[in-house]
Engineer: 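Below: one structure in structure tokens.
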Amino acid sequence: MLRARIPPHALRSEQTFVVHLSGKMTNDQGGPSLQLLSDLAAELHSPRDQGLPLFVPSRNDQDSPNSHHLLVHQIPSASSSTSTSVSTSASSHQHQRDLTVSVGGLHTHSSLAGHAVFVPNPACSSSYYLALYRRLGNLIGGAMYARANMALSWPLLGWKRLLGEQPTVDDLREVSGHRLQFVLEQAQCTREQRALYNSLPEEEGVWLYWSLQDVVGHEVSLCRGGSTRRLRHEEQADWAAAYLSALLDEGAAQWRAVREGLLAVVPAHSLRLLTAAELRMFVRGASDYSVDHLRANLEIHDDLHREVEWICEYLEEAGARARLEFLRFVTGRDCVPPQAEEWPFTIGVQQHYKYLPVAYTCVSTLYIARCADREEFLRRLRFALASCSDFELG
């Protein structure tokens with residue numbers, strides 16, 4: 001998909017491309033295209049050995065407070081307040097990622113709680129990979145014109161880059177929270193603590209140098225000879241500033257390529273109307289929805305109110321994952337469209353009671369069979385949601 005030669009101007013339409021699935025009877029009026037964009041987003045977030053290597057999990061999804069570069073606070077002579085500070089920071093950061101904001105029945109997360117956050121792979125810096133990042137920007141722009149959504153689990157720092165804004169140190173909390181806390185603590189070390197750290201054997205893991213490992217483990221020097229230059233007390237402030245600057249610049253070339261591709265489709269003056277959070281919501285959509293919101297947007301045909309209420313009760317009880325599975329089954333989307341006009345569902349009746357639920361994703365229509373038994377009805381629904389996430393499997 002990223003290698004397809006689609007002119008950027010051709011993406012400025014309500015349906016930027018038509019999908020034909022080989023060997024399947026599909027007529028793309030929007031549903032297959034939505035599923036293709038969902039599959040593309042899922043592949044971008046796959047392990048590097050299974051999909052495209054363009055994005056990798058952020059440090060927050062790799063590091064822990066006990067990883068090798070955070071062992072300084074465990075040294076006996078370090079103050080107890082330092083240890084408490086690290087622990088408290090990790091706890092408050094997790095609370096921040098779990099913060100949920102509800103807007104009009106749609107749920108969006110301040111930091112995509114429950115989802116890994118992905119950042120560009122700094123190793124993908126060749127002209128070939130940068131061209132793929134630009135093509136991805138083209139597709140994001142096309143999705144915006146088509147009012148489609150792509151479930152891209154990117155940090156706010158990345159969306160700021162797409163708008164041409166400079167991220168701040170505070171934005172690092174979403175991608176490198178433990179590392180940020182560690183650097184800030186090291187900048188406050190006393191001369192005695194630094195002398196103690198530098199006097200211990202290197203295998204204790206407390207020596208610091210003018211270098212860091214990027215998100216994929218490659219060493220990056222903060223100055224000439226940084227990998228062998230040990231940190232001294234009088235250099236702590238400069239070292240911290242250089243370290244944080246390197247964290248902020250990580251992936252900047254890749255974000256810039258995505259922005260270039262996006263601007264080839266969406267005019268810059270249009271993007272300037274959005275904040276980074278609004279752009280993320282516009283592209284990604286919401287991560288959950290309330291069942292009351294679903295009820296308000298249903299068009300129920302054939303007097304199926306009892307069966308529809310069973311569906312709503314099940315989705316209320318089963319949680320966010322089941323609600324997104326239901327959304328994907330009926331619409332082909334992996335995320336909730338923020339635009340109200342994209343929301344209405346239609347639920348009709350099937351002619352034969354033995355049929356499993358059938359969805360027509362192009363028109364967001366679900367057909368269900370009448371059923372006198374609630375448990376049997378929900379058994380069929382659960383089977384359909386779990387087994388029929390592709391076309392023509394219902």
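These figures come from a predicted structure and were not determined experimentally.
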Engineer: What heavy-atom pair brings A116 and S153 nearest, and what distance separates the two atoms?
Structural biologist: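 Taking every non-hydrogen atom into account, O-CB, 3.2 Å.
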Engineer: If you take all heavy atoms of A246 and L222, which pair is closest and at what distance?
Structural biologist: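 Heavy-atom minimum between the residues: CB-CD2, 3.8 Å.
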Engineer: Can E325 and R328 be said to form a salt bridge (charged side-chain N to carboxylate O under 4.0 Å, His left out), step by step?
Structural biologist: CA-CA 5 Å; E325 287 177 349; R328 180 178 174 89; over 6 Å; no
Engineer: I'd like to check the ring pair (Phe, Tyr, Trp, His ring centres under 6.0 Å) partners of Y129; sequence neighbours left out, ordered by chain and number.
Structural biologist: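 Ring pair (Phe, Tyr, Trp, His ring centres under 6.0 Å) list for Y129, sorted by chain: empty.
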Engineer: Can you check whether S176 reaches E250 side chain to side chain, under 4.5 Å on heavy atoms?
Structural biologist: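 They are not in side-chain contact.
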Engineer: Indicate yes or no for a side-chain donor-acceptor contact from E174 to the backbone of L157 under 3.5 Å, with no hydrogens or angles considered.
Structural biologist: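 Absent.
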Engineer: Tell me, do Y209 and R229 make a side-chain contact under 4.5 Å, heavy atoms counted?
Structural biologist: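 With C-beta onward as the side chain, the pair stays apart.
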Engineer: Please walk me through it: do R194 and Q186 pass side chain to side chain contact (heavy atoms under 4.5 Å, CB included)?
Structural biologist: CA-CA 9 Å; R194 181 62 57 208; Q186 290 306 299; 2.9 Å; yes
Engineer: Output all residues satisfying side-chain contact (heavy atoms from CB on, under 4.5 Å) with S227, sequence neighbours left out; order by chain, then residue number.
Structural biologist: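 Partners of S227 by the side-chain contact (heavy atoms from CB on, under 4.5 Å) criterion, ordered by chain and then number, come out as S211, E219, S221.
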Engineer: Rounded to the nearest 0.5 Å, what separation is found between the CG atom of L381 and the SG atom of C371?
Structural biologist: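 SG of C371 is found 11.0 Å from CG of L381.
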Engineer: Less than 6.0 Å separating the ring centroids of Y314 and F326?
Structural biologist: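 No - the distance between ring centres of Y314 and F326 does not fall below the 6.0 Å cut-off.
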Engineer: For the residue pair M144 and L279, establish whether any side-chain heavy-atom pair is separated by less than 4.5 Å.
Structural biologist: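 M144 vs L279: side chains touch.
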Engineer: Can you tell if the side chain of L152 reaches within under 4.5 Å of the side chain of F118, non-hydrogen atoms only?
Structural biologist: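 Of all side-chain heavy-atom pairs linking F118 with L152, none is under 4.5 Å.
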Engineer: By side-chain hydrogen bond (donor to acceptor under 3.5 Å, both in side chains), which residues pair with W310, not counting sequence neighbours?
Structural biologist: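 Per chain and number, W310 pairs via side-chain hydrogen bond (donor to acceptor under 3.5 Å, both in side chains) with no residue.
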Engineer: Looking at P122 and P120, what are the two nearest heavy atoms and their distance?
Structural biologist: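 Scanning both residues, the minimum pair turns out to be CD-O, 3.2 Å.
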Engineer: Hey, is the main chain of A384 close enough, under 3.5 Å, to the side chain of S387 for a donor-acceptor pair?
Structural biologist: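 Pair absent, no side-chain N/O of S387 close to backbone of A384.
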Engineer: Are W255 and W159 close enough that their ring centers fall under 6.0 Å?
Structural biologist: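 Here the rings of W159 and W255 have centres that are no less than 6.0 Å from each other.
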Engineer: side-chain contact (heavy atoms from CB on, under 4.5 Å) with D249: which residues, sequence neighbours excluded?
Structural biologist: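 Here the qualifying residues are R161, S245.
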Engineer: For L315 and R323, work out which heavy atoms get closest and say how close.
Structural biologist: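 Looks like O-NH1, 2.9 Å.
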Engineer: Could you tell me the separation between the CG atom of L162 and the CD1 atom of I140, rounded to the nearest 0.5 Å?
Structural biologist: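 Taking CG in L162 and CD1 in I140, the distance rounds to 6.0 Å.
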Engineer: Among V358, V330, V308, find the one that has a side-chain contact (heavy atoms from CB on, under 4.5 Å) with L366.
Structural biologist: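 Exactly one pass, corresponding to V330.
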Engineer: Are any of the side-chain heavy atoms of L247 and R59 separated by less than 4.5 Å?
Structural biologist: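 L247 reaches R59 side chain to side chain.
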Engineer: Tell me, please, which residues at least two apart from R374 pass side-chain hydrogen bond (donor to acceptor under 3.5 Å, both in side chains).
Structural biologist: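 Residues passing side-chain hydrogen bond (donor to acceptor under 3.5 Å, both in side chains) with R374: E313.
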Engineer: Evaluate I311 against F377 for side chain to side chain contact (heavy atoms under 4.5 Å, CB included), listing each step before the verdict.
Structural biologist: CA-CA 9 Å; I311 293 176; F377 175 81; 3.6 Å; yes
Engineer: To the closest 0.5 Å, what do you measure between CG (L304) and CZ (R370)?
Structural biologist: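 These two atoms lie 5.0 Å from each other.
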Engineer: Mind checking the NE2-CD1 spacing from H305 to I300? Nearest 0.5 Å is all I need.
Structural biologist: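 Those atoms lie 4.0 Å apart.
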Engineer: Compare every heavy atom of Q254 with every heavy atom of N121, then report the nearest pair and how far apart it is.
Structural biologist: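 Taking every non-hydrogen atom into account, O-NE2, 3.5 Å.
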Engineer: Can any side-chain N or O of H218 pair as donor or acceptor with the backbone N or O of Q213 at less than 3.5 Å?
Structural biologist: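 Absent.
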Engineer: Report yes or no: does E185 contribute a side-chain atom to a donor-acceptor pair with the main-chain N or O of F182 at less than 3.5 Å?
Structural biologist: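 Looks like no, no N/O pair under 3.5 Å.
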Engineer: Taking all non-hydrogen atoms of both residues into account, name the closest pair between C223 and W210 and its distance.
Structural biologist: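 Looking at all heavy atoms of both residues, the shortest contact is SG-CB, 3.6 Å.
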Engineer: Keeping the roles fixed (side chain from E309, backbone from R306), state whether a donor-acceptor pair exists under 3.5 Å.
Structural biologist: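 No; judged by distance alone, with no hydrogens or angles, the pair does not exist.
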Engineer: Report yes if some heavy atom in the side chain of S58 is under 4.5 Å from a heavy atom in the side chain of P155; otherwise report no.
Structural biologist: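 Result no, sub-4.5 Å side-chain heavy-atom pair not found.
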Engineer: Please evaluate residues W154 and R280 with respect to the criterion side chain to side chain contact (heavy atoms under 4.5 Å, CB included), reporting the C-alpha separation (whole Å), side-chain torsions for both, the decisive distance (0.1 Å), and the verdict.
Structural biologist: CA-CA 8 Å; W154 294 349; R280 174 161 67 180; over 6 Å; no
Engineer: How about Y133 and R256: does a side-chain donor come under 3.5 Å of a side-chain acceptor?
Structural biologist: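 Looking only at side-chain atoms, R256 and Y133 do not form any donor-acceptor pair under 3.5 Å.
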Engineer: Would you sort out whether F55 and V119 count as a side chain to side chain contact (heavy atoms under 4.5 Å, CB included), showing the intermediate values?
Structural biologist: CA-CA 5 Å; F55 290 86; V119 295; 5.6 Å; no
Engineer: Nearest 0.5 Å, please: how far is CG in L298 from NE2 in H293?
Structural biologist: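 If I round to the nearest 0.5 Å, the distance is 10.5 Å.
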Engineer: For residues 265-277, please give each side-chain donor-acceptor pair under 3.5 Å, one per line with the distance, not counting sequence neighbours.
Structural biologist:
| unit_1 | atom_1 | unit_2 | atom_2 | d |
| --- | --- | --- | --- | --- |
| T275 | OG1 | E278 | N | 3.1 |
| T275 | OG1 | E278 | OE1 | 3.4 |

Engineer: Keeping the roles fixed (side chain from N60, backbone from R173), state whether a donor-acceptor pair exists under 3.5 Å.
Structural biologist: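 Yes, the answer is positive, given that a donor and an acceptor are paired below the 3.5 Å cut-off.
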Engineer: Would a 4.5 Å heavy-atom cut-off, applied to side chains only, mark L44 and L52 as touching?
Structural biologist: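 In short, these two side chains touch, coming nearer than 4.5 Å.
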Engineer: Output the distance between atom CG (L212) and atom CG (D214), rounded to the nearest 0.5 Å.
Structural biologist: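 Between atom CG of L212 and atom CG of D214 there are 7.5 Å.
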Engineer: For R380, is there an ion pair with E376 - N to carboxylate O distance below 4.0 angstrom?
Structural biologist: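 Looking at E376 and R380, the cut-off is met.
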Engineer: Measuring only between side-chain heavy atoms, which start at C-beta, is L130 closer than 4.5 Å to R134?
Structural biologist: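 Side-chain contact under 4.5 Å: yes.
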